[in-house]
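Read the structure below first, then the notes.
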Protein chains: 2
Amino acid sequence: MDATPDCLLPAVALPAAECRGVYEAILTRRDTRGEFLPDPVPDEVLSRLLVAAHHAPSVGFMQPWSFLVVRDPAVRKTVHDAFLKAHAEAALMFPEDKQDIYRSLKLEGIMEAPVNICVTCDRDRAGPVVIGRTHIRTMDLYSSVCAVQNLWLAARAEGLGVGWVSIFDNGVVQRALNIPQRVIPIAYLCVGKIRGYHPKPELEAAGWLPRLPLDQLIHFDQWGNDTADGGLLDRLRADQRAVNEGEFLTDRLPK
Amino acid sequence: MDATPDCLLPAVALPAAECRGVYEAILTRRDTRGEFLPDPVPDEVLSRLLVAAHHAPSVGFMQPWSFLVVRDPAVRKTVHDAFLKAHAEAALMFPEDKQDIYRSLKLEGIMEAPVNICVTCDRDRAGPVVIGRTHIRTMDLYSSVCAVQNLWLAARAEGLGVGWVSIFDNGVVQRALNIPQRVIPIAYLCVGKIRGYHPKPELEAAGWLPRLPLDQLIHFDQWGNDTADGGLLDRLRADQRAVNEGEFLTDRLPK
């Protein structure tokens with residue numbers, strides 16, 4: 001099927017259940033650290049997650065991502081050791097009254113999850129000049145992040161957990177996985193079946209930081225202009241309230 | 001509801017239609033440039049897209065994003081002028097035999113789309129020390145990209161189009177929208193109702209670049225090791241073939 005204007009696919013909303021599925025995956029997705037089960041992830045599920053990632057948007061269609069599927073305990077231990085070192089360094093960076101809380105947080109499941117996936121960005125994937133990357137050089141990195149988010153949402157749809165570990169020296173990961181210099185490790189993900197999803201993000205539940213009021217993050221036409229569109233702001237507040245009360249999926253979507 | 005281990009939500013797959021919705025949004029999402037309709041986006045739809053974005057993962061739960069909702073034609077014209085300048089510069093960077101093709105591509109819908117949304121990243125949103133950003137400084141930028149991808153998938157679920165414009169000097173956008181220095185513009189999005197979705201990405205359909213074979217983007221345990229797991233690779237090839245033939249959503253998902 002060629003992509004001529006004559007054969008566009010209809011731009012209609014997905015049917016109600018399918019549309020709800022998208023919002024449900026988005027709202028109930030969590031960063032999983034402590035709930036991994038040792039059961040292997042079936043090939044057919046892992047394959048679908050990778051298909052989801054591969055169909056992310058990419059700048060100039062360069063598809064800069066690769067996926068390292070890491071199961072070898074020795075490789076994972078190297079990464080975990082890098083985490084332990086960085087985690088200890090990180091604790092000392094926080095104000096003294098927060099250091100104990102920080103140390104008590106479970107922040108990764110590298111060894112417990114049955115599989116780790118490192119998503120990378122090959123900056124040379126499509127040659128030196130890429131449509132859309134000519135003026136903003138980071139666009140290819142952002143494409144790989146979109147692949148991560150696709151994978152994460154697909155995993156939620158499949159009932160799996162994903163945790164993104166970022167507390168280590170990226171160079172250690174690069175060497176542990178033998179990743180070439182031109183290729184950037186973007187995300188190190190722990191993936192697997194889990195005991196359950198936390199109802200809220202763990203840092204929110206632990207009182208580390210609150211969910212920010214969405215209506216205060218909106219500006220109209222220019223930064224700082226927050227008064228131009230009362231209708232949208234009212235709607236945002238009502239939607240956020242419905243999310244907080246667990247009523248968004250039932251009450252705020254098209255039927 | 002506190003996030004104690006005793007009240008985890010069950011980690012089961014979404015019901016079949018909801019799960020299919022997630023994959024359908026992922027596979028049929030497109031970067032829209034030339035198909036925008038002038039109809040306004042209803043507040044209730046725009047609000048849901050922003051709720052989806054706000055529930056992206058963020059490093060240390062810092063929620064670094066803000067959303068500039070841009071409708072003012074004068075502001076949009078400034079951005080469009082920046083695009084035209086950069087687009088002309090970009091054309092000259094390509095090999096001569098590709099310059100005419102490049103110039104013929106429609107790459108943005110800034111003026112045609114009824115609303116533009118600039119997604120930003122406030123690097124100071126949660127103070128200088130952020131959980132998970134201590135060793136990889138770009139993590140907050142990546143969080144804002146996750147918000148973009150959430151918004152994009154929600155827009156697909158709602159039947160809307162989104163186009164990410166990256167061909168301009170980011171400094172011009174920063175000044176046109178009066179965005180403070182500490183805040184980084186991550187994505188400039190054109191959003192609206194559209195005439196339809198292209199069956200394939202336009203750059204793929206135009207022969208600019210092919211879809212890469214997913215099984216060649218997989219490594220096992222270490223970069224370059226592509227032979228360790230034939231079962232997964234076979235599955236990936238079959239899944240990718242099903243995507244290409246339009247049979248993935250009907251044939252490859254759990255019933």
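Labels below follow one simple rule: chain letters A, B, ... track the order of the sequence lines, proteins then strands, and each chain is numbered from 1.
- With B:S166 contributing its side chain and A:G132 its backbone, the two residues share a donor-acceptor pair below 3.5 Å.
- In this structure, chain B has heavy atoms under 4.5 Å from both the backbone and the side chain of A:D221.
- Of the residues considered (A:Q216, A:R252, A:R211, A:R125), A:R211 shows the highest number of contacts with chain B, using heavy-atom pairs under 4.5 Å.
- For the atom pair CD of B:E44 and CG of A:L236, the computed distance is 12.5 Å after rounding to the nearest 0.5 Å.
- Proximity to chain A is absent for every atom of B:A53, based on heavy atoms less than 4.5 angstrom apart.
- Looking at B:V59, only its side chain comes within 4.5 Å of chain A, counting heavy atoms on both sides.
- Contact annotation for B:M93: both backbone and side-chain heavy atoms come within less than 4.5 Å of a heavy atom of chain A.
- Only the backbone of A:P210 comes within less than 4.5 Å of a heavy atom of chain B; no side-chain atom from C-beta onward does.
- Counting heavy-atom pairs under 4.5 Å between each of A:F94, A:Y197, A:W208, A:F168 and chain B puts A:Y197 at the top.
- A:V130 touches chain B through its backbone: at least one of N, CA, C or O sits under 4.5 Å from a heavy atom, while the side chain does not.
- For B:S58, no part lies near chain A; criterion is any non-hydrogen pair under 4.5 Å.
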Exercise. Assess whether side chain to side chain contact (heavy atoms under 4.5 Å, CB included) is satisfied between A:L46 and B:L232, documenting all intermediate values.
Key: CA-CA 8 Å; A:L46 193 52; B:L232 177 62; 4.0 Å; yes
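- Of the N and O atoms on the side chains of B:Y23 and A:E158, at least one donor lies less than 3.5 Å from an acceptor on the other residue.
- No side-chain donor-acceptor contact under 3.5 Å links A:R48 to the backbone of B:D239.
- Residues B:V243 and A:H55 have side chains in contact (heavy-atom distance under 4.5 Å, counting atoms from C-beta outward).
- The closest donor-acceptor contact from the side chain of A:Q222 to the backbone of B:A176 lies under 3.5 Å.
- Taking every heavy atom of both residues into account, B:L141 and A:Y142 meet most closely at CD1-OH, 4.2 Å.
- The side-chain heavy atoms of A:E89 and B:T134, taken from C-beta on, include no pair separated by under 4.5 Å.
- For the set B:S143, B:G159, B:A52, the count of heavy-atom pairs under 4.5 angstrom toward chain A peaks at B:G159.
- The minimum heavy-atom distance between B:C146 and A:V145, with the atom names listed, is SG-CG1, 3.7 Å.
- Nearest heavy atoms, A:L212 versus B:M62: CD1-O, 4.1 Å.
- Contact count versus chain A (heavy atoms, under 4.5 Å) is highest, among B:P10, B:A25, B:A154, for B:A154.
- Residue A:P57 touches chain B through both its backbone and its side chain, counting heavy-atom pairs closer than 4.5 Å.
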